[in-house]
Amino acid sequence: MKKLIYLDNAATTKTAPEVMEAMIPYFTEYYGNPSSVYDFAGISKKALDESRETIANALHAKENEIYFTAGGSEADNWALKATAEAYAAKGKHIITTKIEHHAILHTGEYLEKLGYEVTYLDVDEFGVVKLDQLKKAIRPDTILISVMFANNEIGTIQPIKEIGEIAHEQGILFHTDAVQAFGQVPIDVDEYHIDMLSASGHKLNGPKGIGFLYIRKGVKIRSFVHGGAQERKRRAGTENVPGIVGLGKAVELAVNTMEERTAKEKELRDYLIDRVLKEVPYTRLNGHRTNRLPNNANFSFQFVEGESLLIMLDMDGICGSSGSACTSGSLDPSHVLLAIGLPHEIAHGSLRLTLSAETTKEDIDFVVESIKKIVTKLRSMSPLYEDFIKQN
Amino acid sequence: MKKLIYLDNAATTKTAPEVMEAMIPYFTEYYGNPSSVYDFAGISKKALDESRETIANALHAKENEIYFTAGGSEADNWALKATAEAYAAKGKHIITTKIEHHAILHTGEYLEKLGYEVTYLDVDEFGVVKLDQLKKAIRPDTILISVMFANNEIGTIQPIKEIGEIAHEQGILFHTDAVQAFGQVPIDVDEYHIDMLSASGHKLNGPKGIGFLYIRKGVKIRSFVHGGAQERKRRAGTENVPGIVGLGKAVELAVNTMEERTAKEKELRDYLIDRVLKEVPYTRLNGHRTNRLPNNANFSFQFVEGESLLIMLDMDGICGSSGSACTSGSLDPSHVLLAIGLPHEIAHGSLRLTLSAETTKEDIDFVVESIKKIVTKLRSMSPLYEDFIKQN
Amino acid sequence: MYSEKVMDHFQNPRNVGEIENASGVGTVGNAKCGDIMRMYLDIDDDGIIRDCKFKTFGCGAAVATSSMATELVKGKTVQEALEITNKAVMEALDGLPPVKVHCSLLAEEAIHAALWDYAQKHDIKIEGLEKPKSDISEEEDEEDY
Ligand SMILES: Cc1ncc(COP(=O)(O)O)c(C=O)c1O
Ligand SMILES: Cc1ncc(COP(=O)(O)O)c(C=O)c1O
Ligand code: FES
Ligand code: FES
């Protein structure tokens, strides 16, 4: 296989070798069911406890506030559905934003069908939630505010602390989907007034199929998966021991390397952004210039369609992603890019590149040259570009 | 560590080395997100398709009828909750049994709170559902019959084909929890009239944290986890690619080795049962003598408490399990043992031993001697035994 | 799951057995988990517990607490024995897992039941001893879910 420049780390990441190493014994050697009585199963139980502790520490939370799930989507579904159920007597109004991941948006729509009311807040042109709109949206029957920590497409980081303060002043629960942010930015659930937080292993060099929901002690929570007594009777199912061990290791690594890693990523990301904006005309950066995930760059190239761009990058060995309609199951362009005010045809030509610790300056140089070449080629084929040139 | 005789394969199994080998590349090498556009992610996508095909073939189903989940519990929850939701207009009555796994029972109780009615069928002394009772339980508003294929505690295999026929004659959907049976007995969803079937990877030497729900084409099904467009838009969340690959491999192995493996297990199981019943007085076999899982033996030793028995077996390096209250989170003894008519104090002294392909005759001989010694010791300490001896 | 002390008392329970013509015998059961404990006491004329034996049908914690309770009781006066609480037994065992705390109540109750039997047989009144329940089952806080 030719050299691969993998710049789609917001979609998923490579499982780190250290994570692999930590997991392997729990598949074939210490495979006991943590619920069993014998000593052999105690090894699995201990591994769960240690992973839970590592994760709790990373968030400044307590161990018994961490509940393992099969990933970010399950955690998001759980947070919304179970809160809706447990607090229905108080009210049936939920506030979220227009730029959430589908795991939140579609769950919100589902709850609307069940008779709940959901307010989807707008964001400004950089993708930041408007705090005054949030304040106005709060009603006596509002039971939950769910705002993502950082956006998966444009990388914008929300003013989580301010949102948490507003929620808590009003006695409303605050959930944040931190699937993209956890491991990339420091999070303190107390300082930020977070009551629930979703995260997913495969976004931080951990395994796929494992994640967690942080639930602050005292929050009334119902089960989402009913059955056995696992996870303090809150989430049934034999624990994914290797996955949980892998997640714990990944969190440990992410926390320990965060400062250095993200500083390096930011530098490369800014180098990438600067070069692309300077060297490719009719291009814009989506998201906030500084308040964004350290590894995220998101561009819109006018007159260019996203899927074509991706396929050509792929031919150069570059993996990226696009908010283009054509790459997703649905045919609507990204709801996030529309929410920040991009017109359809520009939203279509977006490119998200998300770096990892392994990304080098050489990679970025290669990518910039490739983008320049491809955008030029696609524009030369584009009727939109032809019209534009003729009109100018 | 001293030699371990692992006889708790109904709780969980060792991940097979072949399964490990198949999975590993998908963690660190082919880690792409199957939903992505580039070629690199196509490798992951292809792996999913292959696993789906293997599993479909094992059940005589079609590939697009297999939906991956995080395990058996999620599959059970999904089957019941989504059917309840999708068919509420037809009726709100569900039939299941008293000996289902908690993933079914607790989900049933949850649905009852939502206004559904659930009939829990009795079983006979061997743990077999009574077909005439089933027929009588059916009502015009019955939307689902859910009966487990084989019981996890006592191993009894149900007359699934007959139940499927009854369901289909009445136009009622039929779900079976085959978490214990899949890979141990041949299953043909068409022949048995199964509309939905739950299975879990870690019960058949596959990884933990992965399972699937078979859903027959034509069955109206709602999502349980809402979000992205994965699993034909039915089950959101980035696919657990390594887990799915491992599950596929485990199913392939289970199917290929089934005949030979289960014949060997049956022979050893019967040897174990015969020796224990013959050599340990005041002992009974729970479950059906012949219609039982090839690897399952379940005994009750009068006057003996299960947890003590397990801990002493553990000291001899033997891993088993018990339906005793004292070993579970709840303090009630096994609902299954009570359902087959055992009184509390006998249900307490139950021991489940579940064999694997690796179990040897030497293991069984060692285990029988150990049981004899321990049961004698525990009886000498038991006030119940003292009373019994004095009275006789 | 259990401390080393618990495992030691479980593996090598002290004072298992019966006492013929015991001064007092008490049998208590835990309706909640179905376990049963019987305690035999041999008490001399000065009211000192000379010997103590037990039999238990129960989990590892139940066996270990029975064993430890007999150790604690031996040599004590009736009044001292009465003051042995389940907490004291648990502490002597270096603790029990939270779900097993109720098992230790069996031991405390079994001592009380045997002392009650002794008092009945010898027609004496022991200060602070009430007629024991034959079934103990104490409410545990279940978290709602
Ligand atoms: C019959 C049965 N159903 C469901 C389950 C749940 O499966 P899992 O633990 O994989 O969620 C199990 C095993 O625990 C089982 O034995
Ligand atoms: C912000 C956000 N939330 C939720 C998810 C869902 O996570 P998972 O795919 O692990 O279920 C993702 C990633 O896909 C995400 O980026
Ligand atoms: S033109 Fe093909 S999907 Fe948009
Ligand atoms: S005595 Fe039953 S759980 Fe301990």
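Below, chains carry the letters A, B, ... as their sequence lines are ordered, and counting in each starts from 1. Values below: every heavy atom of this structure, side chains too, minus hydrogens, waters and symmetry copies.
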**OP:** State whether the side chain of B:Lys208 and the backbone N or O of A:Gly243 hold a donor-acceptor pair below 3.5 Å, judged by distance alone.
**Re:** no
**OP:** Could you look at A:Glu29 and say if it's the side chain, the backbone, both or neither that has a heavy atom under 4.5 Å from chain B?
**Re:** neither
Original post:
Which heavy atom of A:Ser73 sits nearest a heavy atom of B:Gly237, and at what distance?
Top reply: OG-CA, 3.3 Å
**OP:** Below 4.5 Å from any heavy atom of chain A, which atoms of B:Asn77 appear? Answer side chain, backbone, both or neither.
**Re:** side chain
**OP:** Return the option, out of A:Tyr6, A:Tyr26, A:Trp78, with the maximum number of heavy-atom pairs under 4.5 Å with chain B.
**Re:** A:Tyr6
Original post:
Between B:Asn33, B:Val19, B:Asn205, B:Ile244, which residue shows the highest count of heavy-atom pairs closer than 4.5 Å to chain A?
Top reply: B:Asn33
**OP:** Among A:Val241, A:Leu313, A:Thr238, single out the residue with the greatest number of heavy-atom pairs under 4.5 Å to chain B.
**Re:** A:Thr238
**OP:** With sequence neighbours left out, write down each residue that passes side chain to side chain contact (heavy atoms under 4.5 Å, CB included) with A:Glu85, or none if nothing qualifies.
**Re:** A:Arg222, B:Tyr110
**OP:** Measure B:Thr13 against the heavy atoms of chain A and call it side chain, backbone, both or neither at under 4.5 Å.
**Re:** backbone
Original post:
So which of A:His106, A:His102, A:Lys81 actually passes side chain to side chain donor-acceptor pair (under 3.5 Å) with B:His226?
Top reply: A:Lys81
Original post:
Does A:Glu112 have any side chain to side chain contact (heavy atoms under 4.5 Å, CB included) partners at least two apart in sequence or in another chain, and if so, which?
Top reply: A:Glu109, A:Val118, A:Tyr120
Subject >> Largest heavy-atom contact set with chain A, pairs under 4.5 Å, which of B:Gly320, B:Ser200, B:Gly228 >> reply: B:Gly320
Original post:
Taking every heavy-atom pair that is under 4.5 Å apart, which of A:Asp76, A:Ile24, A:Leu105 has the most such pairs with chain B?
Top reply: A:Ile24
Original post:
Between B:Phe27 and A:Lys14, is any pair of side-chain heavy atoms under 4.5 Å apart?
Top reply: no
Subject >> Between B:Gly246, B:Pro207, B:Cys319, B:Gly32, the one whose heavy-atom pairs under 4.5 Å with chain A are most numerous >> reply: B:Cys319
Subject >> Candidate list B:Leu4, B:Ile311, B:Leu310, B:Asp8, test side-chain contact (heavy atoms from CB on, under 4.5 Å), partner A:Tyr38, passing option >> reply: B:Asp8
**OP:** Select one option (side chain, backbone, both, neither) describing which atoms of A:Ser36 are under 4.5 Å from chain B's heavy atoms.
**Re:** side chain
Original post:
Which bit of B:Phe68 comes within less than 4.5 Å of chain A, counting heavy atoms only: side chain, backbone, both or neither?
Top reply: neither
**OP:** Write down the atom of A:Met20, the atom of B:Thr28, and the distance for their closest heavy-atom approach.
**Re:** CG-CG2, 3.6 Å
